[in-house]
Amino acid sequence: MKRVFSRLSLLFNPFQKKNIVILLVITMLSLSANNFAGDDVQKVEPRDTKKLLKEAKKLSRKRKFVQAEKILKQILARNPQHAKAKLDLAYILLKRRHLLDAFNYAYDVAEADRKNSYAFAVLGAIYLTAGNFEEAKKFSMNAVLLNKKEALGWAGLGMLDFYENRIDNSIANLREAVHFDSREPDFVFALAQVSARAEKYKEAAEAYERFLRVSTKNDIERRDRIKGLIKFLRYLGNKSSLYDVGGENQTLVKMQLLNNRPVVNVRLKKKGEVLRFVLDTGSGISVISDKTAERLGIKPITKGGVARALGGDGKFDIIYGFLRKIYIGDVKVTNVPVYIREFHNKKENVDGYIGLSLISKFITTVDYGNKTFSLVRKEKNENSVARAEKDSMSLPLRLTSSGFLSGQVQLQGIKSPLNFIVDTGASVSVISEELAGTDEMSQYILTEKMRVIGAAGITENVSSFLLPRVTFGNFSRNRLKAIALDLNLINETSGFEQAGILGGNFLKNYSLTFDFKESRVTFVPNSKK
C-alpha cells in the first residue's frame with residue numbers, strides 16, 4: 001500500500017495540481033468549465049443530509065442526473081466540505097461527461113483524505129473515460145487496496161481489462177463490482193457487454209435482463225436496443241459456437257482500393273456469387289446491405305432499438321441477421337452474426353463490411369502498396385507471425401466498448417497524445433468538432449466543404465482541415481486532410497474519449513498487420529517493401 005501511495009504522491013502536491021488539470025484539459029479537449037454561479041442551491045439541515053444523499057442516488061440510477069445534481073449542490077451549500085456529496089456529484093458529472101468539474105470535486109476529497117477509497121475510484125473512472133489508462137489503473141487499484149468492497153474501483157479495473165483485451169480478468173473484476181453494488185445499472189451493463197465479447201451469450205443475455213430490472217424505464221432508447229439484443233443473444237446461445245474457422249490455414253487474395261478503403265471479394269457459398277465487402281476495422285460486427293440481403297434471401301433474425309454511427313442523425317435501426325458461412329479466398333468462417341442495414345452511398349458497388357469479429361482469429365494483413373489482403377490462422381498461445389522487417393513498427397491497440405480499435409495519435413500543436421479510432425473503413429481521417437474548435441487546430445481550416453456518407457446517413461457541408469503533421473508511433477504524414485465531425489454519439493458508447501479517426505488517407509501509405517489476440521498492429525511503409 002505504501003508503494004501505491006508513493007507512486008501517487010506527486011498528484012497531491014498543491015503546486016502541481018494546476019499542471020494536472022491542464023493535462024486533463026489537453027487530453028479531453030471538450031470539458032465543461034465550472035458553472036457553480038447561478039445554480040439552484042438551498043440550505044438544508046444536517047438531519048436531512050442522509051435522506052437527500054439517498055434520494056440523489058436513486059435519481060442518478062434513474063439517469064435523472066440534473067435533479068440529482070441539484071440535490072447534491074443543496075447539501076454542499078450547507079456543508080461545502082461534505083466528502084460523500086462531493087464524490088457523488090463528481091460521479092454524476094462524470095456520467096454527464098463534465099470531466100473537469102468531476103475531477104475538481106474528486107481531487108479535493110482525495111487530497112484531504114488519502115484513505116477515501118471512493119475518491120480514488122471516482123478519479124480512476126475519470127482518467128479511464130479521458131483515455132489515460134496508466135493513471136486510471138493506479139487510482140482504481142488503490143481504491144480496491146484501501147477497500148476491497150469498493151465497487152466502482154472494481155468496475156474501473158474491469159473496464160480497463162476489457163479495453164486492453166484481458167477478457168477473463170475483465171469479467172472477474174466486473175463480477176466483483178456487481179457483487180458489491182448489484183443495483184448500479186452501469187456495472188451490470190458492463191458485465192453483460194464483456195460476457196458477449198467473450199462469446200458467453202447466455203450469460204450476457206441474463207446480465208442484460210438483469211440490467212433491464214435495475215435500470216430506469218426512462219432510458220427508452222438503450223432499453224429498446226437491449227431488448228432486441230437479448231433476443232439475438234438467445235438465438236446465438238443456441239448455436240454450438242460462432243466464428244468457427246475452417247478451410248486452409250491461410251490465404252492471400254487481391255483487394256481493390258475504393259476511396260482509400262480496402263475492398264475484398266467474399267462468397268457465402270463455396271461456388272456462390274462473388275460479393276464485395278469493405279474491410280472495416282471501425283466496426284466490431286460485420287454488415288450486409290439490405291438490398292444484398294433481400295436478393296440473397298437472408299432474413300432478419302430480430303430487430304430492436306438503434307445503433308449510433310456517423311452521418312445523418314447519427315442513428316440507424318438495428319436489424320440482426322445471421323450468415324451460415326463466409327468464404328474469403330481459401331479460408332472459411334461459419335456462423336457469422338451481422339447487421340442488415342441500408343447503404344446510403346448508391347454509387348458504390350459494395351455489398352457489405354467485414355467487421356473485427358469475423359477476422360479476430362487470424363493474423364490479418366492489409367497491404368495497401370501491393371493491394372493484397374491475407375489471413376493467417378492463429379491458434380491459441382501461438383506467438384504473432386507478423387514480419388519483423390527493418391522499418392516496421394508495432395503499436396498497441398485498444399478495443400472500445402462499442403467495438404472500435406483505438407490507438408494514440410500525436411498531432412502537431414497538441415502536446416499530449418490523443419485517442420484515434422484506427423478505421424480502414426473510413427476513406428478520410430477525422431477530428432472531433434471540439435478539437436477542431438481549439439486555437440491549435442482552427443488555424444488549419446480549409447474553405448472546402450465536404451459531403452460525408454456514413455452508416456447513419458449523409459451529412460452536408462462538413463468543414464475540412466489540412467493538418468500539418470499527424471504521427472502514429474514512429475510514422476508521420478505531413479499535410480493530411482481531415483474533416484471535423486461530431487463524435488459525441490460515438491464517445492457516449494466508446495467507453496473512453498476518442499478525439500478523431502485515423503482513416504484511409506493515412507493508412508494507405510503502409511502495410512498493416514493486425515494481431516487481434518495481442519491487440520497490436522504492425523506498420524511497414526509501402527516505399528520500404
Side-chain angles (χ1 to χ4, degrees), residues 4-5 8 11-12 14 17 20-21 24 28 31-32 34-36 39 41 44 46 48-130 132 135-160 176-177 180-181 183-187 190:
V4 175
F5 276 127
L8 299 174
L11 287 176
F12 297 109
K17 179 179 178 182
I20 294 166
V21 173
L24 276 171
M28 299 177 226
L31 306 177
S32 64
N34 286 314
N35 54 1
F36 305 131
D39 286 328
V41 297
V44 296
D48 296 329
T49 299
K50 190 173 182 180
K51 181 179 178 181
L52 288 173
L53 285 170
K54 287 184 177 180
E55 180 63 23
K57 177 67 76 175
K58 288 181 181 178
L59 289 169
S60 175
R61 284 176 168 163
K62 292 179 179 179
R63 303 186 71 82
K64 296 182 178 180
F65 299 133
V66 174
Q67 297 94 315
E69 182 178 338
K70 286 184 178 180
I71 290 175
L72 293 169
K73 286 182 176 179
Q74 290 176 23
I75 297 172
L76 292 174
R78 170 72 181 183
N79 182 359
Q81 301 307 316
H82 196 289
K84 184 66 165 59
K86 276 188 174 182
L87 293 175
D88 284 352
L89 180 55
Y91 192 38
I92 288 171
L93 291 169
L94 168 62
K95 290 185 177 185
R96 298 184 64 196
R97 310 191 78 80
H98 297 175
L99 301 186
L100 184 55
D101 288 347
F103 174 83
N104 285 332
Y105 279 115
Y107 182 95
D108 287 346
V109 177
E111 187 177 35
D113 180 5
R114 300 184 188 185
K115 294 185 178 181
N116 191 315
S117 63
Y118 187 33
F120 279 91
V122 174
L123 284 170
I126 293 168
Y127 274 110
L128 186 60
T129 302
N132 187 331
E135 296 303 321
K137 183 176 181 179
K138 292 177 184 177
F139 281 111
S140 298
M141 181 64 74
N142 200 48
V144 299
L145 287 174
L146 288 167
N147 177 9
K148 69 177 184 179
K149 296 182 179 181
E150 187 55 69
L152 181 58
W154 287 112
L157 292 173
M159 294 310 295
L160 179 61
E176 290 292 304
F180 291 121
D181 191 352
R183 293 186 297 168
E184 175 53 58
D186 288 346
F187 301 165

Could you go step by step and tell me if L59 and K70 meet the side-chain contact (heavy atoms from CB on, under 4.5 Å) rule?
CA-CA 11 Å; L59 289 169; K70 286 184 178 180; over 6 Å; no

Nearest 0.5 Å please: distance from the [atom1] atom of [X] over to the [atom2] atom of [Y].
| X | Y | atom1 | atom2 | value |
| --- | --- | --- | --- | --- |
| M141 | L146 | CE | CG | 12.0 Å |
| I126 | L100 | CD1 | CG | 9.5 Å |
| K86 | N104 | NZ | CG | 10.0 Å |
| K137 | L128 | NZ | CG | 12.5 Å |
| F180 | L152 | CZ | CG | 13.5 Å |
| E111 | L123 | CD | CG | 11.0 Å |

Going by heavy atoms in the side chains, are [X] and [Y] under 4.5 Å from each other?
| X | Y | result |
| --- | --- | --- |
| R97 | T129 | yes |
| L53 | K50 | no |
| N147 | K115 | no |
| L72 | K84 | no |
| L87 | Y105 | no |
| T49 | N79 | no |

With a 3.5 Å distance limit and no angle check, can you tell me whether W154 reaches the backbone of S140 through a side-chain donor-acceptor pair?
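Pair absent, no side-chain N/O of W154 close to backbone of S140.
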
Do the side chain of H98 and the main chain of D101 share a donor and acceptor less than 3.5 angstrom apart?
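Answer holds: no.
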
If you look at every heavy atom in [X] and [Y], which pair is closest and at what distance?
| X | Y | answer |
| --- | --- | --- |
| K73 | L89 | CG-CD2, 4.0 Å |
| A125 | L94 | CB-CD2, 3.5 Å |
| A68 | S60 | CB-N, 4.0 Å |
| F120 | R114 | CE1-O, 3.3 Å |
| D181 | A151 | CB-CB, 3.6 Å |
| A90 | V122 | CB-CG1, 3.9 Å |

Basic-acidic side-chain contact under 4.0 Å: K95, E184
yes

Is it true that E176 and K149 make a salt bridge, defined as a side-chain N closer than 4.0 Å to a carboxylate O?
no

Is K58 atom NZ crowded by more than 12 heavy atoms from other residues, nucleotides or ligands, each under 6.0 Å away?
no

Neighbour count >12 (heavy atoms, 6.0 Å) for atom NZ, K62
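Not buried by this count: 12 neighbours or fewer within 6.0 Å.
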
What verdict does the side-chain contact (heavy atoms from CB on, under 4.5 Å) test give for R61 and D186, after you've listed the backbone C-alpha separation in whole Å, the side-chain angles of each residue and the deciding distance to 0.1 Å?
CA-CA 9 Å; R61 284 176 168 163; D186 288 346; over 6 Å; no

Report the C-alpha separation of E69 and I71 in whole Å, then their side-chain angles, then the decisive distance to 0.1 Å, and conclude whether the side-chain contact (heavy atoms from CB on, under 4.5 Å) test is met.
CA-CA 5 Å; E69 182 178 338; I71 290 175; over 6 Å; no

Donor on one side chain, acceptor on other, Y118 and D88, under 3.5 Å
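A pair is found: one side chain offers a donor N or O, the other an acceptor, under 3.5 Å apart.
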
